[in-house]
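Everything on this sheet refers to the single structure shown next.
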Number of protein chains: 2
Amino acid sequence: MKKNEIDQLKLNFQQYLKDKGLACTSQRDAIIEHLVKETSHFNADTFVHSLQKKHLPVSRATVYRTLQHLEDAGIIREVAINTSQAYYEFTGRTTHHEHLVCENCGTIIEFVDDQLEERIEQIARLHHLSITRHTVQISGYCRSCHEKQ
Amino acid sequence: MKKNEIDQLKLNFQQYLKDKGLACTSQRDAIIEHLVKETSHFNADTFVHSLQKKHLPVSRATVYRTLQHLEDAGIIREVAINTSQAYYEFTGRTTHHEHLVCENCGTIIEFVDDQLEERIEQIARLHHLSITRHTVQISGYCRSCHEKQ
DNA sequence: TTGTGTGCAAAACATTTGCACACAT
DNA sequence: ATGTGTGCAAATGTTTTGCACACAA
């Protein structure tokens, strides 16, 4: 991600905070700064750990609270990879996509498929649902895990 | 669901238990018996409550443990409707289907779409994933909730 | 009888919240 | 200065687990 894109993203979030009458704090800054350097998928726990590793002291509670704001702002979204923990992904980096998850090694492969997307919209229309979001997750064994068995 | 189908389902589960060297207890019997009379979607908590309402005394711990067995046996499956609680649905009743969920009233509409299913299988093949399962969830506002706003 | 299941209460997790103090506006 | 944010620890909600007793094989 280019520097000007990062800056743009930070501005977006700052604008969101301002619009909502929320403050722009050093912790929120550290979180959004850190976000773009993270892997594409993370949960609250891995996020807290990676912040601590970089000596950015942000409490767990603040991470949870800020993750909520980032989701509201549309900068991250929750994806149903794991049911016991909330998984997030950064949406700023790419266009909308879906996931293939290997049940053995946990690898996540992202994909984009126009035909699939279009069919989903058709289905929503057919059932008179005013669609706001959707998720597709395909689970199985990736090539190398499949060969090992 | 017809009586002989219910009996068949119970036999399936009993066979599964036997194969695994597990015991067939009155609690497990009560749970599977109750399952077919439940609404199509439920979670551990609603399940415990509805058992208690029918004066079937099964502890919460046993419900959790048995739900796990039922999932292993393929009689129920976990669906990612709600992230903070595990949601299950009974698979014996219908063929494979996906979900439309109203974000406002929580209504769940099930649908089957061959075109969508086929595309998902193609995508898995394309990425060399040996597919074991998949979920599609479309969220938005149902017709009546959309009109109210 | 021998092993597995059950219920209870406690533990384990993930997440949220109340409160006193700190900081952004 | 005023209101919002933060960190801490405690509370919450869901699910899992250790243990003593009960039941199925």
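Just so we're on the same page: letters track the sequence lines, and every chain starts at 1.
- Distances were taken from every side-chain heavy atom of A:Thr25 (C-beta onward) to each of D:dG5, C:dT15, C:dT6; the shortest belongs to D:dG5.
- Closest to the side chain of B:Tyr64, out of D:dT6, D:dT16, C:dG5, is D:dT16.
- Considering every non-hydrogen atom in both B:Ala124 and A:Leu100, the closest pair reads CA-CD2, 4.4 Å.
- Of the two residues near DNA chain D, B:Asn43 and B:Ala23, the one whose nearest nucleotide lies more 5' is B:Asn43.
- One can place CZ of A:Arg60 at 12 Å from P of C:dC13, the figure rounded to the nearest angstrom.
- A side-chain donor from one of A:Glu78 and B:Thr83 sits under 3.5 Å from a side-chain acceptor of the other.
- Heavy atoms of B:Arg28 sit under 4.0 angstrom from primed sugar atoms or phosphate atoms, though from no base atom.
- A distance of 6.0 Å or more separates the ring centres of B:Phe13 and B:His69.
- Both B:Gly21 and B:Val58 sit near DNA chain C, but only B:Gly21 has its closest nucleotide nearer the 5' end.
- Distance A:Phe13 CZ to C:dA24 P: 15 Å, rounded to the nearest Å.
- Of the candidates D:dT6, C:dT6, C:dT15, the closest approach to any side-chain atom of A:Arg65 belongs to D:dT6.
- Atom NE2 of A:His49 and atom C1' of C:dC13 are 13 Å apart (whole Å).
- One interatomic measurement links the two molecules: CD of A:Gln15 to P of C:dT25, which rounds to 13 Å at whole-angstrom precision.
- D:dT16 atom C1' lies 13 Å from atom NE2 of B:His69, rounded to whole Å.
- We find that CD of A:Gln14 is positioned 15 Å from P of D:dG5, with the value rounded to whole Å.
- You'll find that the side chain of A:Ser59 is closest to D:dG7, out of D:dT4, C:dA14, D:dG7.
- Under 4.0 angstrom from either OP1 or OP2 of D:dT15 there lies no side-chain N or O belonging to A:Ser84.
- No more than 12 heavy atoms of other residues, nucleotides or ligands lie within 6.0 Å of CG in B:Asp114, so this atom counts as exposed by the packing criterion.
- Regarding contacts with the backbone of C:dG7, a side-chain N or O of B:Gln27 is found under 4.0 angstrom from either OP1 or OP2.
- Distances from the side chain of B:Leu22 to the nucleotides C:dT4, D:dT15, C:dT15 place C:dT4 closest.
- Separating the CD atom of B:Gln68 from the C1' atom of C:dT6 is a distance of 17 Å, rounded to the nearest angstrom.
- Atom pair B:Asp45:CG and D:dT15:P shows a separation of 8 Å (rounding to whole Å applied).
- Checked by atom type, the side-chain pair B:Glu89/B:His97 shows a donor-acceptor distance below 3.5 Å.
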